[in-house]
Every structure is written in C-alpha cells, then in structure tokens.
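Ligands are counted one by one from 1 in listed order, and the atoms in each one are counted from 1 as well. Predicted, not measured: the structure shown is a model, and the values here were computed from it. Sequential numbering from 1 along the given sequence is applied to the chain's residues.
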Amino acid sequence: MNVETMITLALSKGRIFEETLPLLKAAGIEVLDDPEKSRKLILDTNLPGVRVLVVRATDVPTYVQYGGADLGITGKDTLLEHGSQGLYQPLDLQIAKCRISVAARADFDYASAVKQGSRLKVATKYVAIARDFFASKGVHVDLIKLYGSMELAPLVGMADAIVDLVSTGNTLKANNLIEVEQIMEISSRLVVNQAALKLKREPLRRIIDAFAQATAAQT
Ligand code: PRP
C-alpha cells in the first residue's frame, strides 16, 4: 500500500480513543493494537489501507493541518486553542462530552469580584478560550499559562480562579473548588486535511459518511 492511497487517522489515547472505536467499527475499521498496552505509535487496522497514529491530544490538529494525518478527532477545546487553519470540520461526533468552566475557591466571592470590576488572576492551559471569554464579559484578567493540574493554582494562592474542563466535577470537589461559571459545552470533532479531501475523496467520504450515520444513530 503506498502512502498516496493510505488513509491515516490521528487519535489521542484515553477517552477520545475509546469513544472513537464504535464509530470506526461502523465504518468497518477495527484497530488491531491497544495503545494503552503497546508502545507503537502507528497502529494497524483490519484494513490494509487504513492506519491510526497515536499522538498527544493537543497535537491532533497539527498533524492534520500539515498532512501528517488525513483526518483526526479532537476536542472543541483543543481546536479553539489551536485555530482551524487548513482544517475541514464536517462533523460534531458528540463524543467525549464535557464543559469548560471557571472555578474558584469557596471562600473567593467570584460574582462580587466580577461585579466590582476587580482584576482577576486566572490560571489555565486554555488561554485563547479564557481571553475571549473574559474580554466578552469586559472582565480584566491576568492569565497564567499552565500545562496541567490547574486546580492547584487557587489552592496555593497563585490565582483567584482557573479555567478548565469539567466532566463529573469530581476533580473540583476533591480540591475544594467550586464551578462558578460555565463557558461552553465541549465535544469532539472530526477534522480533515483539506488537500487530502480532494486527493483521496472517495475513501475519506466513505469514512465521513459512516461516522455521520453512526453519530446520528447514537443521538
Ligand atoms: C481533565 C480536567 C480536569 C478533569 C475534570 O483532566 O483538566 O482535571 O479532567 O474531570 P472531572 O470533572 O470528571 O473530575 P484530564 O484527566 O483530561 O487530564 P489533564 O490534566 O491532562 O487535562
């Protein structure tokens, strides 16, 4: 199988990978390796013409944008932070659903601070989403960029609030934080390289259509 006709799908390990498997099955594709057990970064499937790349969640849009993968599945949060240059976004797959919210310590009166026009220190890895959100509210913020474990920042007095993903709310609860405002609902999207869509139209259309049908059937 040469690279010109091979279809390459970029996925991240964890929830997105797990929730993508039924969609792949609907398209007749089965991944032959388990990324949690294997160290392989290129996984074979039952179809010789389809392979899966295992990449960091934040790198999925980059692989698809630069043609390292023909298509990928990525959260709306990641896509908003990355930007969607060169990416065709045909489908909201309605998987890996969660929300992105502002959270603070229970003893911090977020509503009053916002009302009074205080300048807030906000720790997050979602700087673009946070910047847009607070600008749209007219709230002045100093953003502190972190790469994970944002919940710590208010606990050690480094920030007044955080902007982070919330799913069950268990992480916030375990760290005595309260969700004070919801910014947006998040789910995973299919992204496709625009050049690949022209060059490999048939096989890509088949996968996109199967994903669309499977998504419609689930909702
Ligand atoms: C996300 C997020 C929260 C947690 C929320 O982290 O950053 O920490 O999940 O989930 P919950 O509301 O169900 O507790 P994730 O596990 O995706 O890893 P990350 O820290 O690398 O973002």
Query raised in the report: Are there protein heavy-atom neighbours of atom 1 (C) of ligand 1 below 4.0 Å?
Result: no

Requested in this report: Identify, for atom 5 (C) of ligand 1, the protein heavy atom at the shortest distance, and state residue, atom and that distance.
Outcome: Leu165 O, 3.5 Å

Query - ILVMFWY cluster, Ile95 and Leu9 together (side-chain gap under 4.5 Å) - result: yes

Query raised in the report: Given the protein's heavy atoms, is any one of them under 4.0 Å from atom 7 (O) of ligand 1?
Result: yes

**Report entry** Flag if over 12 foreign heavy atoms under 6.0 Å of OH, Tyr63
**Finding:** no

Query raised in the report: Is atom 18 (O) of ligand 1 close to the protein, meaning a heavy atom under 4.0 Å from it?
Result: no

Query raised in the report: Quick check: does any side chain N or O of Asn46 sit under 3.5 Å from a backbone N or O of Gly28, one acting as donor and the other as acceptor?
Result: yes

Query raised in the report: Numbering the atoms of ligand 1 from 1, which are under 4.0 Å from a heavy atom of Val166?
Result: 12 (O)

Query raised in the report: Can you list the atoms of ligand 1 that are under 4.0 Å from a heavy atom of Thr168?
Result: 11 (P), 12 (O), 13 (O), 14 (O)

Query raised in the report: What is the closest protein heavy atom to atom 14 (O) of ligand 1, and at what distance does it sit?
Result: Thr171 OG1, 2.5 Å

Report task. Answer yes or no: are there more than 12 heavy-atom neighbours, outside Glu202 itself, under 6.0 Å from its atom CD? Result -> no

Requested in this report: Heavy-atom contacts with Asn170 under 4.0 Å: which atoms of ligand 1 show up? List them by number with element.
Outcome: 12 (O), 14 (O)

Query - Numbered atoms of ligand 1 (with element) below 4.0 Å of Ser167, judged on heavy atoms - result: 10 (O), 11 (P), 12 (O), 13 (O)

Query raised in the report: Should we say atom NZ of Lys145 is surrounded by more than 12 heavy atoms from elsewhere, each under 6.0 Å from it?
Result: yes

Requested in this report: Identify the protein heavy atom lying closest to atom 20 (O) of ligand 1, giving its residue, its atom name and the separation to 0.1 Å.
Outcome: Ser149 N, 4.4 Å

Query raised in the report: If you count the atoms of ligand 1 from 1 in the order shown, which ones are under 4.0 Å from a heavy atom of Glu151?
Result: 3 (C), 8 (O)

Report task. Show which atoms of ligand 1 fall inside a sub-4.0 Å distance from at least one heavy-atom site of Asp164. Result -> 2 (C), 3 (C), 7 (O), 8 (O)

Report task. Within a distance under 4.0 Å of any heavy atom of Gly169, pick out the atoms of ligand 1 and give their elements. Result -> 11 (P), 12 (O), 13 (O)

Report task. Return a yes/no value: protein heavy atom under 4.0 Å from atom 10 (O) of ligand 1? Result -> yes

Requested in this report: Identify whether Leu47 and Leu53 are in the same connected component of the hydrophobic contact network (ILVMFWY, side-chain heavy atoms under 4.5 Å).
Outcome: no

**Report entry** Side-chain touch Phe108/Leu120, heavy atoms, less than 4.5 angstrom
**Finding:** yes

Report task. Determine whether more than 12 heavy atoms belonging to other residues, nucleotides or ligands lie under 6.0 Å from atom CZ of Arg56. Result -> no

Requested in this report: Could you tell me the residue and atom name of the protein heavy atom closest to atom 22 (O) of ligand 1, and the distance to it rounded to 0.1 Å?
Outcome: Lys125 NZ, 2.9 Å

Query raised in the report: Just wondering, do Leu155 and Arg105 contact through their side chains at under 4.5 Å, heavy atoms?
Result: yes

Query raised in the report: Is it the case that one hydrophobic cluster holds both Ile183 and Leu177, taking links as side-chain heavy atoms less than 4.5 Å apart, direct or via other members?
Result: yes

Report task. Record the part of Met150 in heavy-atom contact with ligand 1 below 4.0 Å; permitted values are side chain, backbone, both and neither. Result -> neither

